[in-house]
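On a predicted model such as this, the values are computed, not experimentally measured, just so you know.
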Amino acid sequence: MRGFSTLTGGSTPGSRTTIWEHMKQLDFACPLALISVLAWCGAAVAAEPESLSFQAYWGGLDAAEIAFSAEQQDGRYHGHLSIHTHGLTHFMTGLSVESDGWGTVTANGFHPDSFSQSTRSKDKTRRVDMRFVAEGELAEKVLDEERRADSSLLPPDPDDNPPLPEQLRLHVLDPVTALFEMGRRAMAGEANFVLPVCDGRRRYDLQVTAVGPGRHDIGGKIYDTLDLRAVMKPLFGFKPRYLDFWTDAGFDVYVGRLLGLPVKVATTTFPAETVIGLQALCRGSRPCPPS
């Protein structure tokens with residue numbers, strides 16, 4: 001395991017690094033956002049909207065509330081993901097994330113039309129929008145901007161990577177559509193598959209393996225599960241200082257077989273163990289009210 005599982009670690013004499021400093025150095029949105037994406041992996045999508053709420057713990061601390069809503073009607077789908085930190089995590093990061101993916105669904109799977117993500121931290125906001133052209137086969141970024149807390153535009157970061165080349169934007173999925181496809185393929189019984197994902201700035205593959213059926217005590221309840229392992233393979237757009245954390249980052253996903261929904265998602269790849277657990281599930285409501 002890389003990183004930390006306690007509040008301090010990775011230090012040399014005279015130089016101790018706290019977990020909070022690492023949170024600021026890593027894009028803290030990334031572990032939560034990716035795990036949240038994985039957290040919908042087994043969900044069945046109905047014509048009536050479905051909403052899920054999760055609680056996230058980072059290094060044993062209550063870190064964030066996460067909600068996901070999914071809707072499918074007349075051959076179209078929409079997924080909405082929100083992440084809101086609280087407590088010490090919010091004090092240090094001020095992080096909130098809103099992501100939306102839209103597209104069409106056929107017998108062959110989910111096909112994206114557009115994707116939008118807004119990320120807010122203590123000192124800035126970022127908005128990235130994508131559309132899919134050439135019959136959905138090519139991702140094209142239409143907006144990528146960062147603003148200060150006073151809403152003024154930030155100049156481009158000289159450390160940012162160059163734009164994604166076209167060959168890496170072909171036949172890709174946005175992060176929200178990728179979660180739908182993961183669910184479809186896993187529940188269809190595929191043992192091994194790769195999801196090519198593009199978020200407008202970065203390109204990566206998710207290598208997914210079905211570990212097998214399981215039975216787990218989670219939160220005092222016993223669940224019969226379909227256990228998955230997802231491993232991240234960065235391909236382009238990752239800043240060098242973050243690349244080591246993302247390369248081969250692994251996620252354990254436990255899908256309740258009777259629910260068709262996740263009951264737990266966990267990783268020990270990042271500076272502290274991250275665990276997300278399902279708190280509530282409801283239909284015909286958005287967002288899901290507290291359980």
For [X] versus [Y], what's the shortest heavy-atom pair and its separation?
| X | Y | value |
| --- | --- | --- |
| Ala56 | Ile66 | CB-CD1, 3.9 Å |
| Asp174 | Val197 | C-CG1, 4.1 Å |
| His171 | Pro196 | O-CG, 3.3 Å |
| Gly237 | Asn161 | O-ND2, 2.9 Å |
| Pro234 | Asp248 | CD-N, 4.5 Å |
| Phe115 | Asp199 | CE2-O, 4.1 Å |

Residues Glu98 and His84: side-chain donor-acceptor under 3.5 angstrom: yes
Donor on one side chain, acceptor on other, Thr93 and Ser121, under 3.5 Å: no
Pairing residues for Pro155 by the side-chain contact (heavy atoms from CB on, under 4.5 Å) criterion, not counting sequence neighbours: Arg148
side-chain contact (heavy atoms from CB on, under 4.5 Å) partners for Arg147, two or more places apart: Thr125, Glu145, Leu153
From CA spacing to verdict: side-chain contact (heavy atoms from CB on, under 4.5 Å), Val194, Lys233: CA-CA 10 Å; Val194 176; Lys233 301 292 184 179; over 6 Å; no
Are the side chain of [X] and the backbone N or O of [Y] linked by a donor-acceptor pair below 3.5 Å?
| X | Y | value |
| --- | --- | --- |
| Thr225 | Asp227 | no |
| Thr85 | Ala64 | no |
| Thr269 | Gly250 | yes |
| Lys122 | Phe91 | yes |

Taking the side chain as everything from C-beta on, heavy atoms only, tell me whether [X] gets closer than 4.5 Å to [Y].
| X | Y | value |
| --- | --- | --- |
| Arg120 | Leu95 | no |
| Val265 | Phe54 | no |
| Val142 | Met130 | no |
| Pro163 | Lys141 | no |
| Phe132 | Val172 | yes |
| Thr104 | Asp113 | yes |
| Ser82 | Glu65 | no |
| Gln117 | Val97 | yes |

Rounded distance [0.5 Å steps], [atom1] in [X] versus [atom2] in [Y]:
| X | Y | atom1 | atom2 | result |
| --- | --- | --- | --- | --- |
| Phe180 | Leu173 | CZ | CG | 12.0 Å |
| Leu88 | Asp62 | CG | CG | 10.0 Å |
| Arg257 | Asp224 | CZ | CG | 5.0 Å |
| Trp246 | Arg202 | CH2 | CZ | 6.5 Å |
| Glu140 | Glu166 | CD | CD | 9.0 Å |
| Leu278 | Gln55 | CG | CD | 11.0 Å |

Same apolar cluster: [X] and [Y], side chain cutoff 4.5 Å:
| X | Y | value |
| --- | --- | --- |
| Tyr204 | Phe193 | yes |
| Val128 | Val176 | no |
| Val105 | Trp102 | no |
| Leu164 | Leu243 | no |
| Phe251 | Phe238 | yes |

Contacts of type salt bridge (charged side-chain N to carboxylate O under 4.0 Å, His left out), residue Arg203, not counting sequence neighbours: Asp205
Candidate pair Asp252 and Arg229, rule side-chain contact (heavy atoms from CB on, under 4.5 Å), full reasoning: CA-CA 5 Å; Asp252 296 313; Arg229 178 72 173 173; 2.9 Å; yes
Audit row: Ser69, His78, side-chain contact (heavy atoms from CB on, under 4.5 Å) steps and yes/no: CA-CA 8 Å; Ser69 297; His78 172 220; over 6 Å; no
Test log, rule side-chain contact (heavy atoms from CB on, under 4.5 Å), inputs Val263 and His216: CA-CA 9 Å; Val263 290; His216 302 278; over 6 Å; no
Other residues, nucleotides, ligands: >12 heavy atoms within 6.0 Å of Glu135 CD: no
CZ (Arg131) with more than 12 external heavy atoms under 6.0 Å: no
Ring geometry between Phe110 and Tyr77 (parallel below 30°, tilted from 30 to 60°, perpendicular above 60°): perpendicular
